[in-house]
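Below, each value reflects all heavy atoms present in this structure, side chains not excepted, and no hydrogens, waters or symmetry copies. Residue numbers run from 1 in the order of the sequence given. Both counts, for ligands and for their atoms, begin at 1 and track the order of listing.
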Amino acid sequence: MSTKKISLTGIKPTGTPHLGNYLGAIKPALEMANSGDFEGYYFIADYHSLITVHKPETLKEYIYEVAATWLALGLDPKKITLYQQSHVPEIMELNWILSCFTAKGLMNRAHAYKAMIQDNEERKKDLDHGVNMGLYTYPVLMAADILFINSNVVPVGADQVQHIEIARDIANAFNHVYGEVFTLPEAKVQEGELVPGLDGRKMSKSYDNYIPLFLPEKKLKKLINKIKTDSTEPSVPKDPEDSIIFDFYKLFATEEQIADLAAWYRRGIGWGEAKLELFNVMNDHLKGPREIYNELMADKSKIDKILEEGAARVRPKAQEILKEVKKSIGVL
Ligand code: ADP
Ligand code: TRP
């Protein structure tokens, strides 16, 4: 059996994956697993999406989109186990067990729930308006996702750190009673800033300011052309560090390309020219993955097979740990 540490992460299928998801979560997670130092378990958190996505066709499509995105961006399913959360019922069993070791107060402090309550308060609505139990106990399911195979490291964006800490708290509460059953997971956060959206705020599905990863070429060009700029003449020197176009460019270009474009900004560049440079570098980077993505989405049976194999690989491991947990609590 491998003695490598386990790296595990999940993405909720709640919308089309965007550049922020790629650079902040998917890319670092793949680099980690591909380094050879970790055994990777990456999954699609479909039961987490059920909190908000209640259209079956939509949920199904999002699940495929997330799976195809991982695969198109280089996840090798022979090396990294890719699976769908709902295909692993052991997670749900553990979810209940863990909920009996989760203080209600811990859930009251979880940020997604708190944000909803705050929003209701500001809008003078009933505080629990729109809050289902899935949202409220979201962090328990996330703890089950992480603890069910004793993950060591969880690569995530900065906004998820609180959830990993809650998973540690829950594992600690359980271990306190029954001994060292669960491994305490650690969050691994990508350094650097959050990827900005088209309007300069954090790129997010919630703000409608995002660039979907696999837009067709023409649409990508159109979206880039929509980035807001001022009316400075092309000949006027510009500060590259004060430009979203340049911020995006840096995420994809080589050091040399970055230096060249910075020099062009300082000499004076037209916004149209800058946008074209950005499009070219971004498109070069995404062209290959886009093709693979489109192929997979056109023949979803490949995705089905990979997800089936992933579940078959992870379930025995889950069953082994669940057995130990059940023995610990006295039901087995
Ligand atoms: P969204 O805000 O678009 O709904 P999610 O909450 O589904 O994104 O995030 C999925 C993963 O992508 C998380 O690990 C999150 O930290 C990361 N992520 C989301 N937006 C960004 C961004 N703008 N920059 C960097 N990472 C991001
Ligand atoms: N909550 C994560 C997000 O919104 C998704 C997620 C669910 C996850 N379960 C997880 C991430 C377990 C890491 C580990 O992005």
Side-chain angles (χ1 to χ4, degrees), residues 6-30 32-33 38 40-53 62-63 65-66 69-70 73 81-86 88 91-92 94-95 98 110-113 115 134-135 137-168 170-171 183-213 244 247-248 250-251 314 318:
I6 291 181
S7 159
L8 170 141
T9 197
I11 293 195
K12 258 183 316 179
T14 47
T16 303
H18 56 69
L19 284 181
N21 300 144
Y22 169 47
L23 296 162
I26 300 174
K27 192 162 175 249
L30 287 177
M32 209 166 155
F38 293 90
Y41 290 87
Y42 295 164
F43 70 97
I44 302 151
D46 53 352
Y47 274 156
H48 275 116
S49 290
L50 190 60
I51 294 168
T52 50
V53 183
Y62 286 162
I63 291 169
E65 283 184 12
V66 173
T69 299
W70 276 116
L73 292 170
T81 305
L82 180 69
Y83 59 96
Q84 193 173 324
Q85 182 187 39
S86 64
V88 187
I91 297 174
M92 300 317 297
L94 186 59
N95 178 60
L98 294 179
H111 63 57
Y113 167 70
L135 174 73
T137 60
Y138 186 112
V140 184
L141 180 54
M142 188 153 158
D145 287 336
I146 296 170
L147 301 177
F148 88 107
I149 49 164
N150 278 332
S151 314
N152 301 98
V153 188
V154 187
V156 278
D159 54 338
Q160 293 300 315
V161 172
Q162 188 200 27
H163 288 145
I164 318 294
E165 278 162 9
I166 293 178
R168 283 175 72 94
I170 298 175
T183 304
L184 300 186
E186 266 170 49
K188 172 91 174 57
V189 180
Q190 169 70 355
E191 279 171 34
E193 288 164 30
L194 287 169
V195 177
L198 290 168
D199 57 1
R201 291 188 292 173
K202 160 192 142 84
M203 183 176 288
S204 171
K205 276 166 269 175
S206 329
Y207 297 149
D208 202 19
N209 65 353
Y210 61 93
I211 304 185
L213 268 171
I244 295 184
D247 287 342
F248 279 130
K250 283 194 288 192
L251 297 172
V314 76

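The closest protein non-hydrogen atom to atom 12 (O) of ligand 1 is Asn21 ND2, 3.1 Å. The protein atom (non-hydrogen) at minimum distance from atom 9 (N) of ligand 2 is Asp145 OD2, 2.7 Å. In terms of protein heavy-atom proximity, atom 6 (O) of ligand 1 is nearest to Asp159 OD2, 4.1 Å. Looking at atom 27 (C) of ligand 1, its nearest protein heavy atom turns out to be Gly20 O, 3.4 Å. Closest to atom 14 (O) of ligand 1, if we only count protein heavy atoms, is Gly157 N, 3.0 Å. The protein heavy atom nearest to atom 1 (N) of ligand 2 is Tyr138 OH, 2.6 Å. In this structure, atom 20 (N) of ligand 1 lies nearest to the protein heavy atom Lys202 NZ, 3.1 Å. In terms of protein heavy-atom proximity, atom 2 (O) of ligand 1 is nearest to Ser204 OG, 2.9 Å. Atom 24 (N) of ligand 1 has Val195 N, 2.9 Å as its closest protein atom, hydrogens excluded (heavy atom only). In terms of protein heavy-atom proximity, atom 7 (C) of ligand 2 is nearest to His48 ND1, 3.4 Å. The protein heavy-atom contact nearest to atom 4 (O) of ligand 1 is Lys205 CE, 3.5 Å.
Taking every non-hydrogen atom of Leu194 and a distance limit under 4.0 Å, the qualifying atoms of ligand 1 come out as 22 (C), 24 (N), 25 (C), 26 (N). Near Ala45, with a cut-off below 4.0 Å to any heavy atom, the atoms of ligand 2 are 7 (C). Applying the 4.0 Å criterion to heavy atoms of Phe43 picks out, from ligand 2, the atoms 9 (N), 10 (C), 12 (C). Close contacts between ligand 2 and Val154 involve ligand atoms 13 (C), 14 (C) [criterion: under 4.0 Å to a heavy atom]. Residue-ligand proximity, Thr9 to ligand 2, at heavy-atom distances under 4.0 Å covers atoms 11 (C), 13 (C).
Taking distance alone, with nitrogen or oxygen atoms compared against 3.5 Å, Met203 approaches ligand 1 more closely than that limit.
For Lys205 against Asn21, the heavy-atom pair with the smallest separation is CE-OD1, 4.1 Å. Closest heavy-atom contact between His111 and Asp159: NE2-O, 2.8 Å. Across Asn152 and Thr183, no two heavy atoms sit closer than the pair ND2-CG2, 3.6 Å. Closest approach of Ile170 and Pro139 over heavy atoms only: CD1-O, 4.4 Å. The two atoms that bring Pro155 and Leu8 nearest to each other are CD-O, 3.4 Å, heavy atoms only.
Annotation: side chain of Lys12 is not in contact with side chain of Thr52 (no heavy-atom distance under 4.5 Å).
Contacts between Asp159 and ligand 2, counted as non-hydrogen atom pairs separated by less than 4.0 Å, are absent for every part of the residue. Here Tyr47 has no heavy atoms under 4.0 Å from ligand 2, in either its backbone or its side chain. The part of Gln160 lying near ligand 2 is the side chain, judged by heavy-atom distances below 4.0 Å. The side chain of Ile146, and not its backbone, has at least one atom closer than 4.0 Å to an atom of ligand 2 (non-hydrogen atoms only; side chain from C-beta on).
Distance CE/Met142 to CD1/Ile146: 4.5 Å, rounded to 0.5 Å. Put simply, NE2 on His48 and OH on Tyr138 are 4.5 Å apart, with the number rounded to the nearest 0.5 Å. The CD1 atom of Ile211 lies 4.5 Å from the CG atom of Leu198; values are rounded to the nearest 0.5 Å. Between the CD1 atom of Ile6 and the CD1 atom of Ile149 there is a distance of 4.5 Å, given to the nearest 0.5 Å.
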Report the C-alpha distance between Leu141 and Met92 in whole Å, list the side-chain angles of each, state the deciding distance to 0.1 Å, and finish with yes or no for side chain to side chain contact (heavy atoms under 4.5 Å, CB included). CA-CA 8 Å; Leu141 180 54; Met92 300 317 297; 3.8 Å; yes

Decide yes or no on side chain to side chain contact (heavy atoms under 4.5 Å, CB included) for Ile26 and Thr69, but give the supporting numbers first. CA-CA 9 Å; Ile26 300 174; Thr69 299; 3.8 Å; yes

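A ring pair (Phe, Tyr, Trp, His ring centres under 6.0 Å) with Trp70 is found for one member of Tyr83, Tyr42, Phe43, Tyr22 and no other, namely Tyr42.
Looking at Ser151, Ala167, Gly10, it is Gly10 that brings a heavy atom closest to atom 6 (C) of ligand 2.
The number of heavy-atom neighbours closer than 6.0 Å to CZ of Phe38, taken from other residues, nucleotides and ligands shown, is above 12.
Look at His18 and you'll find a heavy atom under 4.0 Å from some atom of ligand 1.
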